[in-house]
Amino acid sequence: MEEILNSPYVFPAIATALIIAVFPLVAGYIVLAERKVLADFQVRLGPMRVGPYGFLQPLADAVKLLLKEDIIPAAADTWIFWGAPVLSTFTALTAFAVMPFSDRFYVADVNIGILFILAMSSIGILGLILGGWSSNSKYSLLGALRSAAQMVSYEVPLGFAIVTALMVAQTLSMQGIVQAQYDKGIWIAFSNYGLMLIPTALFIIAGVAETNRAPFDLPEAESEIVAGFHTEYSGFRFALYFLAEYASIFVLCGVAVTVFFGGWLRPFANVGFLEVPLNVIFPILLFLLIGGGCGVGTMRVSQAYEKGIMAVLTLAMLLVAALFAIPAVNVLIIGFFWFLFKVLILIYMFIWFRGTFPRFRYDQLMQLGWRYLIPISMGGLVVNGVVLLLTS
Amino acid sequence: MATQTTFLDTNELVLNMGPQHPSTHGVLRVILKLDGERVLGTECVIGYLHRGVEKIAENRTYQQFAPYVDRMDYVAAVSNGLGYCMAAEVLGGIEVPERAQCVRVILTELNRIASHLLWLGTHALDIGAMTPVFYCFREREEVLKIFEKYCGARLTTHSFRIGGLQYETYDNFEKDCHTFCDWLDKKVDEYEELLTTNRIWVGRTKGVGILDAEACKAYGVTGPVLRAAGVAWDLRKAQPYCGYEKYDFDIPTCQNGDTYDRYIVRMAEFRQSTRIIRQAVDSLPSGPIKGKVSKVFKPPIGEAYVSIEAPKGELGYYIVSDGSVQPYRVRVRPPSFVNLQALDEMCRGALIADVVAIIGTIDIVLGEVDR
Amino acid sequence: MKQFLKTIFLVDLLQGLWVTFRNQKPSLIYTEQYPKERPSVAERYRGAPRLNVHPDTDETLCIACNLCALACPEELIVVGAERNEETRRKELTTFTYDTSRCMFCGLCEDACPVDALELTQDFELASYTREGAVWDRQMLEEGPLPTEYKH
């Protein structure tokens with residue numbers, strides 16, 4: 001027993017199981033958050049009917065998707081049609097393996113971490129292409145072609161932006177990158193006399209494109225090609241694509257946070273006197289605020305079970321707030337808190353973009369990618385390199 | 001051309017867009033011939049919403065047919081009602097009182113705003129901006145509330161009767177109109193902030209679906225599409241009806257005749273419409289609201305054609321009377337139907353995404369195309 | 001130059017982002033949660049038809065003149081009448097109104113000389129059967145039962 005517990009595989013195994021078990025739920029709630037935030041931008045309410053303030057909507061959606069009839073079009077290439085969403089989901093979830101959630105919680109700290117994530121996201125595209133191709137539908141085919149072209153072109157500026165950051169960090173390990181930012185005392189996004197802001201911006205733009213989000217959501221542009229590559233998918237397979245999409249959004253935001261925004265470090269990680277306000281008071285206040293909001297919600301909902309759910313939520317939030325007050329626990333969870341906090345801010349920005357911008361056209365997308373983003377990212381690489389060389 | 005034997009099958013891709021498609025605005029079916037994403041040709045298939053409105057007219061009395069015209073361009077039902085009633089009035093030689101004329105102008109302009117709001121929302125949605133549609137529907141709701149208060153229906157209003165109006169204005173009508181106009185002007189500024197200068201929006205609309213003035217005239221295209229091509233043709237100015245000559249307003253025009261210009265023209269029309277509404281509300285005369293029409297409306301033998309400037313273009317009603325209580329023949333000149341003819345010319349050489357934008361920019365309502 | 005700087009710093013895009021951002025204010029939410037909150041419709045709303053009765057005597061106001069049936073474009077009103085030999089008057093026996101074909105144009109209420117037929121503010125007309133949409137005299141006089149929702 002002792003031996004098993006001390007084995008280096010135990011914690012990663014637990015972490016993997018945890019991620020695989022919890023992420024679908026998290027993805028469901030990211031979808032709910034997206035619908036709510038989007039509704040907020042659009043002067044409406046969003047889901048309100050399932051549970052208090054639509055809180056149980058993700059569960060209802062999941063049940064619906066699982067119970068739906070599993071349709072495979074007669075002309076589809078069955079095996080590929082079957083395997084494509086699995087491939088997408090598999091790669092998207094695999095990328096979590098090197099995600100540094102905090103200084104303690106991660107599955108593996110591989111010395112090629114960032115390359116691993118890039119590789120996995122590239123293979124994930126294959127799932128979209130195969131799915132679109134095997135559906136044997138014209139809309140799906142167009143969507144698949146669009147996604148292929150888009151991902152290939154936007155991976156280049158994405159890669160260049162990361163390379164620029166890696167030059168500053170001097171390592172490929174995800175933990176190492178965060179550590180480097182701690183040592184430098186500045187997030188990579190703001191380092192190098194602010195010049196790193198260029199690759200940061202490029203990374204976010206290319207990342208939006210890479211994850212097929214608006215305004216680059218051409219592969220699934222519903223007003224043009226209905227639903228793009230997943231037009232013919234329904235039920236559980238569709239749910240897998242959905243999961244993969246949100247997983248890759250999470251991964252991409254995680255990468256952005258790790259590489260550019262200090263990972264699990266708090267803002268101003270080296271300024272000692274901010275330790276208490278930022279690591280203790282801020283999270284406590286935040287969760288108290290959320291808990292207070294839930295408490296007000298408890299008063300407002302009418303049904304008994306809704307009241308119950310809201311009360312439990314309120315208590316849970318207060319409990320989390322209390323956890324941050326205990327120094328021993330605080331040390332364990334504060335890194336995770338900051339990582340998640342930054343990722344959620346980025347996801348909020350993604351939703352904000354979706355709520356604001358019109359969609360690009362296919363040729364404009366290519367033009368933006370090849371004529372602007374790639375040269376700028378290369379320029380950013382050269383300029384940052386030169387500055388690094390001169391200042392070192 | 002001799003068929004070349006190639007390893008790969010490089011035929012054109014024929015794509016059926018519609019009748020069930022998120023952005024063919026109802027049940028339009030467009031058969032696209034594609035080379036990759038590029039459109040080589042289009043063919044419209046219409047008639048999925050054909051209800052035989054013109055034939056129905058031959059079996060209804062003149063008054064009974066009035067609610068049916070609302071169901072053609074259901075987005076601009078008031079304009080349809082106005083056109084039909086005016087045609088019947090010309091046929092029967094009926095004088096419409098001043099007050100009725102003025103209320104008619106107010107309601108038609110409100111309806112123009114409602115129609116344009118729906119166009120803006122769906123057009124933006126087609127191009128991928130999903131937020132404006134909700135803002136537009138919010139503003140449109142206010143127009144519909146005014147309609148509801150005035151005549152009891154929101155969409156298919158049946159607010160005009162032959163000879164004038166059925167309903168007197170309600171108590172706060174003037175105030176409601178003023179409040180709405182002030183509010184809308186602010187909101188239009190907000191839309192412009194959101195879209196007009198946005199580079200993605202400009203990129204998606206500038207140079208897309210160009211239809212120049214000559215082509216417009218050749219196809220008989222009217223309305224904002226024609227005005228965006230630089231022809232200042234507006235029936236409200238060209239042959240004023242309903243006392244439009246009394247109001248001070250401009251005809252917004254542009255030069256290029258592309259999707260962006262049509263957007264600009266319609267945005268300007270919002271402001272012109274609020275301008276007209278303000279003037280009309282302020283100068284609302286008192287008096288009767290219905291001219292002398294007998295309960296059994298029997299126009300003399302003859303025919304009449306009346307056209308008005310509907311939100312989508314020239315809307316014409318041609319009625320032939322055989323002296324009975326039912327029209328002998330009614331023919332409608334729907335602007336959407338005529339404008340839709342230009343789709344093929346506008347789409348050629350564009351991309352799929354442009355086709356969607358172009359269908360949106362013509363501003364069709366399938367109820368009117370198919371009748 | 002100003003234009004160029006605006007282009008570089010994506011001013012047009014930021015402007016759009018600001019518009020959507022400031023519309024997040026919770027007070028701007030426009031949604032009406034329909035079954036929970038019933039909308040208040042205007043006084044003149046043209047909804048469910050009603051055949052008015054005299055408030056004191058409970059006798060129908062309808063004089064069975066058949067004008068509404070004649071005015072109706074869809075010919076969905078059928079008025080049944082019988083001549084009362086004593087008073088020498090037509091008296092209403094049956095009245096059917098097919099709401100499934102009705103387009104609520106209001107021509108019937110305009111035609112009614114005694115304000116007996118009226119389109120009311122009731123707008124919940126759904127029925128599980130087609131027959132349920134055909135209203136008889138009793139239904140028209142009593143009005144549809146208000147729908148209750150369990151949220």
Side-chain angles (χ1 to χ4, degrees), chain A residues 33-54 56 194 197-198 200-202 204-205 208 214-216 293 296-297 300-307 345-346 348-360 364 368 371-373 375-376 379-380, chain C residues 1-48 99 104 121-129 132-133 143-151:
Chain A
E34 166 155 19
R35 290 171 70 179
K36 280 288 190 187
V37 172
L38 212 51
D40 238 12
F41 285 128
Q42 297 166 345
V43 296
R44 56 197 178 92
L45 282 167
M48 287 294 275
R49 304 288 299 163
V50 191
Y53 298 94
L56 300 180
L197 281 171
I198 304 169
T200 310
L202 286 178
I204 289 174
I205 294 172
V208 175
F216 303 99
V296 174
R300 288 210 188 147
V301 290
S302 49
Q303 305 253 311
Y305 86 97
E306 292 181 332
K307 272 198 194 306
I345 286 181
L346 274 185
Y348 173 81
M349 281 184 68
F350 276 30
I351 301 169
W352 192 6
F353 293 156
R354 181 174 172 204
T356 308
F357 297 135
R359 188 181 300 121
F360 276 102
Q364 291 165 346
L368 179 74
R371 276 180 56 187
Y372 296 101
L373 291 190
I376 293 175
Chain C
M1 185 62 199
K2 205 178 157 197
Q3 198 57 43
F4 178 72
L5 280 177
K6 273 188 173 174
T7 319
I8 289 282
F9 287 105
L10 313 170
V11 170
D12 47 337
L13 299 181
L14 295 176
Q15 203 182 338
L17 286 173
W18 172 233
V19 171
T20 44
F21 190 78
R22 68 172 185 242
N23 270 293
Q24 272 183 303
K25 256 202 315 199
S27 60
L28 291 176
I29 287 174
Y30 205 75
T31 312
E32 208 171 57
Q33 288 187 275
Y34 164 55
K36 270 189 190 169
E37 320 164 2
R38 299 299 176 87
S40 61
V41 294
E43 210 180 307
R44 295 177 183 179
Y45 190 78
R46 301 200 299 253
T99 53
F104 304 98
Q121 287 168 298
D122 221 320
F123 54 86
E124 290 172 331
L125 305 171
S127 156
Y128 283 104
T129 55
L145 290 172
T147 328
E148 276 178 34
Y149 292 99
K150 284 175 272 181
H151 334 294

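Bear in mind that the values here come from a model prediction, so they are computed numbers and not experimental data. Residue numbers begin at 1 in each chain, while the letters A, B, ... track the order of the sequences.
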Given that the side chain runs from C-beta out, which part of A:Y372 has a heavy atom under 4.5 Å from chain C: side chain, backbone, both or neither? neither

More than 12 heavy atoms from other groups under 6.0 Å of OH on C:Y34: yes

Between A:R44 and C:T31, what is the shortest heavy-atom contact and its length? CA-OG1, 3.0 Å

Over all atoms of both residues, closest heavy-atom pair of C:L17 and A:W352: O-NE1, 3.1 Å

Can you establish whether the number of heavy atoms outside A:R300 located under 6.0 Å from its atom CZ is more than 12? no

Does the side chain to side chain contact (heavy atoms under 4.5 Å, CB included) test come out yes or no for A:F41 and C:Q24, once each step is laid out? CA-CA 5 Å; A:F41 285 128; C:Q24 272 183 303; 3.4 Å; yes

Taken to the nearest 0.5 Å, the spacing of A:D40 CG from C:T20 OG1 works out to 11.0 Å

Which atoms of C:Q33 approach chain A - backbone, side chain, both or neither, heavy atom under 4.5 Å: side chain

